[in-house]
There are 2 protein chains.
Amino acid sequence: MINIAAHSFHDATAIKLPQPAMAIAPMLAARGLHSSAIRKVACNETLWCEGDERSHIFVVRTGAVCLSRTLPNGRRIVLDFAYPGDIIGLGADTQPCDAHTVQLTRLEAIPVAAFKRAVAEDPEFGRQASIQVANALSAAYQHVVVISKLSANERLASFLMALSRRNEAHGLSGASVVLPMKRLDIADFLGLTIETVSRTFTRLREAGLIALDQHNVVVFRDLARLRALAAGEGEHD
Amino acid sequence: MINIAAHSFHDATAIKLPQPAMAIAPMLAARGLHSSAIRKVACNETLWCEGDERSHIFVVRTGAVCLSRTLPNGRRIVLDFAYPGDIIGLGADTQPCDAHTVQLTRLEAIPVAAFKRAVAEDPEFGRQASIQVANALSAAYQHVVVISKLSANERLASFLMALSRRNEAHGLSGASVVLPMKRLDIADFLGLTIETVSRTFTRLREAGLIALDQHNVVVFRDLARLRALAAGEGEHD
DNA sequence: CGAAGGCTGTTACACACTGTCACACGACCG
DNA sequence: CGGTCGTGTGACAGTGTGTAACAGCCTTCG
């Protein structure tokens with residue numbers, strides 16, 4: 001469930017984290033683990049469920065993965081998304097959440113046994129993995145902040161700005177983003193309903209902050225105001 | 001910011017986690033780290049701030065510590081509470097949140113250098129620490145669930161049931177709990193306002209679910225219904 | 001080829017819950 | 001005794017929700 005790039009996924013977190021420079025991926029490669037079996041998984045396929053014994057560490061190559069939990073009454077909460085380059089499945093041996101694809105996704109699957117062997121042989125390797133878990137925790141804290149204290153406008157802006165920053169961190173333009181997931185996934189991630197997400201997109205568009213192309217491409221027209229919204233710089237208190 | 005007992009602090013998490021049995025505390029004791037300098041800290045004192053370089057790992061002996069973040073506009077979010085027996089400060093070298101006491105608190109302070117030395121000398125020690133961070137992550141996920149999908153009644157019930165379970169895990173009665181923190185801290189923890197927390201206490205009392213003694217002692221009068229509330233078994237979906 | 005149907009997203013409107021503002025009450029303390 | 005602090009309660013407004021209807025796009029199938 002650990003999203004190695006989670007530190008770039010939430011707004012404020014991106015600024016405040018120590019920036020581990022993601023040293024674990026090269027280390028995986030150096031150990032030959034990075035070239036493990038590659039799986040091609042269809043959209044809406046489940047990788048694991050909450051409570052499962054962890055069997056693999058996955059590296060997302062293309063597509064997107066959604067990490068979620070489900071309440072007894074069926075209500076679902078999306079905890080994080082994993083994009084190409086992200087590593088998921090670090091952390092405890094028992095999965096703390098469900099994981100399923102939201103697109104056609106290609107994954108590298110590293111068996112847990114091989115991963116643990118690498119950790120045992122190289123303490124630094126384990127240390128880097130721990131850092132990633134700590135970063136995921138910091139990202140989860142940020143998620144709590146977003147959900148508990150931001151308005152619908154601010155939440156969506158926060159989500160979009162995190163994607164924008166992620167683009168920039170990967171050398172792409174931060175001026176627009178492609179949304180790989182559906183409105184329902186965004187709603188469950190932001191603690192809103194699908195209708196509110198839809199309305200909020202409309203509000204941001206009418207306010208001149210964004211423009212929309214075919215539902216899943218967002219072009220930013222006023223990054224400064226969007227960033228202010230995302231940071232929760234509203235006039236409360 | 002890691003709360004070693006966080007797994008018993010959130011409701012559903014308590015059921016689902018692998019139960020690490022908190023192996024790290026005895027290990028600290030075995031290494032002599034557990035008997036480090038003991039600090040006595042007054043109420044409302046800050047232990048560290050978000051962004052600070054981590055200097056110590058703390059073990060709470062008496063009192064209670066509040067882990068929080070603050071938004072640019074002053075809004076505060078409580079991420080977790082740490083109670084006697086909990087370890088805080090595990091994880092990254094840069095603090096991902098603020099920490100301050102909400103009571104007169106006694107703490108054991110273990111310098112980070114000593115802690116890291118212990119990890120370097122004993123891989124199992126580091127492994128146990130990592131497990132605690134992973135558990136804190138799982139607890140943070142649970143916190144996201146509570147805040148994003150539960151009503152005010154359910155949130156407060158979830159909070160109270162977590163405290164009840166914690167009491168039971170420590171060999172005490174789960175039939176009542178003492179609240180060491182103020183209403184405002186609870187409100188910021190549950191993503192509510194202080195007024196709503198107050199009204200919710202009243203609602204639970206009038207519904208016969210709890211009884212209150214002098215604002216900070218809660219007696220549970222219907223644990224079954226409280227647990228159902230806490231689990232989010234409402235009639236949605 | 002075109003119509004039917006499903007899926008996703010958008011919009012409208014009444015309503016419920018929570019937040020906001022205001023004030024009262026009691027405990028504690030100088 | 002008067003001040004502050006923490007808490008509880010009421011009236012009211014605002015945001016988001018739930019329900020519903022509708023539009024656009026795609027696949028399916030006659």
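What you see below is based on every heavy atom in this structure, not just the backbone, and it leaves out hydrogens, waters and symmetry mates. Residue numbers start from 1 in every chain, and the chains themselves are labelled A, B, ... in the order their sequence lines are given, proteins ahead of strands.
You'll find that the side chain of B:Arg199 is closest to D:dG10, out of D:dG10, C:dT18, C:dG9. Listed nucleotides D:dT17, D:dT19, C:dG9 differ in distance to A:Lys182; the shortest reach to its side chain belongs to C:dG9. Checked against C:dT18, D:dA20, D:dT17, the side chain of B:Arg203 finds its nearest nucleotide in C:dT18. The side chain of A:Arg183 approaches C:dG9 more closely than any other nucleotide in the set D:dG8, C:dT20, C:dG9.
Distances shorter than 4.0 Å separate none of the side-chain N or O atoms of B:Thr193 from OP1 or OP2 on C:dT18. For B:Thr196 and C:dT18, the shortest distance from a side-chain N or O to OP1 or OP2 is not below 4.0 Å. Between A:Thr202 and C:dT11 there is a side-chain N or O to OP1 or OP2 distance below 4.0 Å.
Note: A:Met161 CE to A:Glu168 CD = 9.0 Å, rounded to the nearest 0.5 Å. Atom OG1 of A:Thr46 and atom CG of A:Asp98 lie 7.0 Å apart (nearest 0.5 Å).
Counting non-hydrogen atoms under 4.0 angstrom, A:Ser198 reaches a base of the nucleic acid.
Between the NZ atom of B:Lys149 and the C1' atom of D:dG16 there is a distance of 12 Å, given to the nearest Å. Regarding B:Leu179, its CG atom lies at a distance of 14 Å from the C1' atom of D:dG6, rounded to whole Å. At whole-Å resolution of the value, CG in B:Leu156 and C1' in C:dT18 are 14 Å apart. If you take CZ of B:Phe201 and C1' of D:dG8, they are 12 Å apart, rounded to a whole angstrom. Counting to the nearest Å, the C1' atom of D:dG10 and the CD atom of B:Glu195 are 11 Å from each other. A:Ile194 places its CD1 atom 13 Å from the C1' atom of C:dT11, with the value rounded to the nearest Å. Taking atom CG on B:Leu184 and atom P on D:dT4, their separation rounds to 19 Å, with Å as the unit. Between A:Leu192 atom CG and D:dT15 atom P there is a gap of 14 Å when expressed in whole angstrom units.
Screening residues 210-221 of chain A for side chain to side chain donor-acceptor pair (under 3.5 Å) gives no qualifying pairs among residues at least two apart or on separate chains.
Across B:Leu204, B:Leu163, B:Leu209, B:Val177, a single residue satisfies side chain to side chain contact (heavy atoms under 4.5 Å, CB included) together with B:Phe220, and that is B:Val177.
Heavy-atom distances to DNA chain D give each of A:Ser151 and B:His215 a nearest nucleotide, and the one nearer the 5′ end belongs to B:His215. A residue-by-residue look at A:Leu150 and B:Val197 shows that B:Val197 has its nearest nucleotide of DNA chain D further toward the 5' end.
A:Ser55 meets the side-chain contact (heavy atoms from CB on, under 4.5 Å) test with no other residue; sequence neighbours excluded. Here A:Asp185 pairs with A:Arg76 under the salt bridge (charged side-chain N to carboxylate O under 4.0 Å, His left out) rule; sequence neighbours left out. For A:Ser198, the side-chain contact (heavy atoms from CB on, under 4.5 Å) test picks out no residue, with sequence neighbours left out.
Listed in residue order, the members of residues 206-214 of chain A having a heavy atom less than 4.0 Å from DNA chain C come to none.
In summary, the aromatic rings of A:His143 and A:Phe189 are positioned with their centroids under 6.0 Å apart.
Judged by a 6.0 Å distance limit and a 45° cone about the ring axis, B:Arg166 is not positioned over the six-membered ring of B:Phe81.
The C1' atoms of five pairs define one axis at each end of the helix from C:dC1-D:dG30 to C:dG30-D:dC1, and these two axes lie 20° apart (to 10°).
Contact annotation: the side chain of B:Val102 never approaches that of B:Lys182 to less than 4.5 Å [non-hydrogen atoms, C-beta and beyond].
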